[in-house]
2 protein chains.
Amino acid sequence: MSTRTPDPGVPPDYDPSQFPAFAVTVDVVVLTVRDARLHVLLVRRGVPPFEGMWAIPGGFKRPEETLDEAARRELLEETGVEGASLRQFGAYGDPGRDPRMNVVTVAYFAVLREVDRIAGGTDAAAAGLVPVSYALGGEIQLAFDHARILRDAVERVRVDLALTDVATSFVGPTFTLAELRSVYEAVWGVHLDGANFRRSVLSEEGWVVPTGRRARPGAAGGKPAELYRAGRMWQHGGPLRYPQATPTTRGTR
Amino acid sequence: MSTRTPDPGVPPDYDPSQFPAFAVTVDVVVLTVRDARLHVLLVRRGVPPFEGMWAIPGGFKRPEETLDEAARRELLEETGVEGASLRQFGAYGDPGRDPRMNVVTVAYFAVLREVDRIAGGTDAAAAGLVPVSYALGGEIQLAFDHARILRDAVERVRVDLALTDVATSFVGPTFTLAELRSVYEAVWGVHLDGANFRRSVLSEEGWVVPTGRRARPGAAGGKPAELYRAGRMWQHGGPLRYPQATPTTRGTR
DNA sequence: AGGGTAAGAGTCGTGTCGACTAGAACTCCC
DNA sequence: GGGAGTTCTAGTCGACACGACTCTTACCCT
């Protein structure tokens, strides 16, 4: 059946019985903040192509599951983590991206708070947390077009930080304002004044809710910080705007 | 699909020779502003399933083209338009979304300035410009999961309006500030003060560049407006922020 | 006990932005 | 042709957001 179906308004090549077959995969860019730097979870490939190179974990979508479910399943299989924030950010289907066949991949990013064994669900020797600056700076070669996918994921997270509740996904159920601030600083690569950050986040009820408990100070001492949990206002965007090209005072300092 | 491949670090079901086959399509949400309201280009389906219902134009991706190229080709086939702003915003692969087979669609939106025969490339009787409020408000039933896709597209354009140069794609190569302002008002559904809008856009060099020519006033008369063209600063985001929940003056008025 | 450190409270000044007013430039109609 | 109506353009005012900065509080360590 052919390109001449008596079907006005529908593309002529729209033929349900004859279509190019693709493999559909989901790739999950797992991000976390460790030592005040943004890290990504990568796996080392054990088979060609790109054998020995690092890659973003992923796998085939199954016909009976949604894309979101496939991403959630892959995240569980690769990291043993459930219930993390998962967001789709792009699809990639360049003809030569997988030399073996036609593959279209739908990319997600997942944000985790740092846990001890983040790659507990998979072979630990073949998975590792890598600083994003390494993976994008050329120190590490990524398989397929995964460098581009990672770059897009990081860019998306940067934008989402100001627009969604993704910042709270980097931290645990309770957190200090310094912890939350370090998320913004790591992802945006900026320095934020602690007092001003505090004012912004506490300016309105609903961003964070004090728990009454306090965190233990670090080894360096200092006043113990209040522990907060995330409020409900994050549904409507975050409390911080991306610091625009330093509209700072010109004369001073 | 051998779940026991001797391959550590790679998902166990990663077998290039056996994988579920999917059809991959691209759908293009064509948006424009007409009569100060956001409109979407829809086509009427002539065959089952969803015969007679409106749908977002789209078609199969070919193995030898990228997703972007497929979207550009579909846009050309459906509207006869080339060189429009095209951006990918989502992928949709729910199991039952096409009753005939497993289809994963990658969705793009394209923004056009209003032209007379916007659907010149396809059968005009089966394509039409519909107000987005109709298509999303229930007045019109959309085929497949296209209502969700359209909703996501509009939401993405709303966000992109503040973050990208998409606003200038709604207008022609030269435009008045009132035309540009009406884009923001139509997409965001807000009223913007003309003088303040002017100040924001002209506050910095690079957003818009005066051409020296003036537009002819409308039928109602009025001072003829200066014609501008888009500058280069839009690469770094738009000059306007989305008006947050009326932080307007409380006491005054 | 005292110094070091980080949390938390508060001040100051500047820039942004909405609301508003007034003038300029044009069309339409009588 | 002159007034009314409309739109563009310029400018003012006040509220508020935000960066920079200072000071106090509360804990750790020696």
Side-chain angles (χ1 to χ4, degrees), chain A residues 36 162 171 174-182 184-185 188 190-204 207-228 233 237-253, chain B residues 36 162 171 174-182 184-185 188 190-204 207-228 233 237-253:
Chain A
V171 295
T174 68
F175 50 88
T176 67
L177 294 189
E179 285 171 0
L180 188 62
R181 176 166 55 90
S182 78
Y184 286 88
E185 293 181 329
W188 280 346
V190 297
H191 170 74
L192 298 175
D193 181 84
N196 294 334
F197 180 84
R198 172 187 195 78
R199 180 180 51 190
S200 294
V201 174
L202 296 181
S203 64
E204 210 165 348
W207 296 122
V208 295
V209 182
T211 64
R213 295 181 299 123
R214 309 187 87 82
R216 282 202 327 236
K223 180 176 175 177
E226 174 91 34
L227 280 173
Y228 296 86
M233 195 167 295
L240 283 210
R241 299 294 143 225
Y242 185 85
Q244 298 289 37
T246 33
T248 185
T249 40
R250 290 184 297 259
T252 19
R253 202 90 183 76
Chain B
V171 294
T174 68
F175 50 87
T176 67
L177 295 188
E179 285 171 359
L180 188 62
R181 176 166 54 90
S182 78
Y184 285 88
E185 293 181 329
W188 281 346
V190 298
H191 171 74
L192 298 175
D193 181 82
N196 293 334
F197 179 84
R198 172 186 195 78
R199 180 180 52 190
S200 294
V201 174
L202 296 181
S203 64
E204 211 165 347
W207 296 122
V208 295
V209 182
T211 64
R213 295 182 299 123
R214 302 189 153 281
R216 283 203 325 240
K223 178 176 177 177
E226 174 91 35
L227 279 173
Y228 296 86
M233 195 168 293
L240 283 208
R241 300 292 143 226
Y242 185 86
Q244 298 288 36
T246 36
T248 185
T249 40
R250 289 186 295 259
T252 17
R253 165 85 201 74

For this session: Starting from P on dA7(C), measure out to CG on Leu192(A) and report it in whole angstrom.
Result: 14 Å
Problem set entry | Results of salt bridge (Lys or Arg N to Asp or Glu O under 4.0 Å) for Arg181(B) - residues two or more places apart only | Glu185(B)
Seminar exercise, completed: Rounded to whole Å, CZ of Phe197(B) lies from P of dT16(C) at a distance of 17 Å
Seminar exercise, completed: Closest heavy-atom pair, Pro239(B) versus Ser200(B), reported as atoms and distance to 0.1 Å, is CB-O, 4.1 Å
Exercise. Can you name the residues that form a side chain to side chain contact (heavy atoms under 4.5 Å, CB included) with Val190(B), not counting sequence neighbours?
Worked result: Trp188(B), Leu192(B), Pro243(B)
Exercise. Taking atom P of dC17(C) as reference, at what distance in whole Å does atom CD of Glu204(B) sit?
Worked result: 11 Å
For this session: Mind calculating the distance between CG (Leu240(B)) and C1' (dT16(C)) to the nearest angstrom?
Result: 12 Å
Exercise. Restricting to pairs with a member in residues 213-228 of chain A, which pass salt bridge (charged side-chain N to carboxylate O under 4.0 Å, His left out), not counting sequence neighbours?
Worked result: Arg214(A)-Glu226(A)
Where do N or O atoms of nucleotides 3-13 of chain D meet protein N or O atoms at under 3.5 Å, pair by pair?
residue : atom : partner   : partner atom : Å
dT6(D)  : O2   : Gly222(B) : N            : 3.1
dT7(D)  : O2   : Lys223(B) : N            : 2.9
dC8(D)  : O4'  : Lys223(B) : O            : 3.4
dT9(D)  : OP1  : Glu226(B) : N            : 3.0
dT9(D)  : OP2  : Arg198(B) : NH1          : 2.9
dT9(D)  : O5'  : Arg198(B) : NH1          : 3.4
dT9(D)  : O5'  : Arg198(B) : NH2          : 3.4
dA10(D) : OP2  : Arg198(B) : NE           : 3.0
dA10(D) : OP2  : Arg198(B) : NH2          : 2.9

Seminar exercise, completed: Rounded to whole Å, the CZ-P distance (Arg241(A) to dG19(D)) equals 12 Å
Exercise. Which residues pass the ring pair (Phe, Tyr, Trp, His ring centres under 6.0 Å) test with Phe175(A), sequence neighbours left out?
Worked result: none
Seminar exercise, completed: With sequence neighbours left out, the residues meeting side chain to side chain contact (heavy atoms under 4.5 Å, CB included) with Arg199(B) are Asn196(B)
Problem set entry | Rounded distance in Å - OH (Tyr184(A)) to P (dG19(D)) | 13 Å
Exercise. Rounded to the nearest Å, what distance is computed from the CG atom of residue Leu180(A) to the P atom of nucleotide dA7(C)?
Worked result: 13 Å
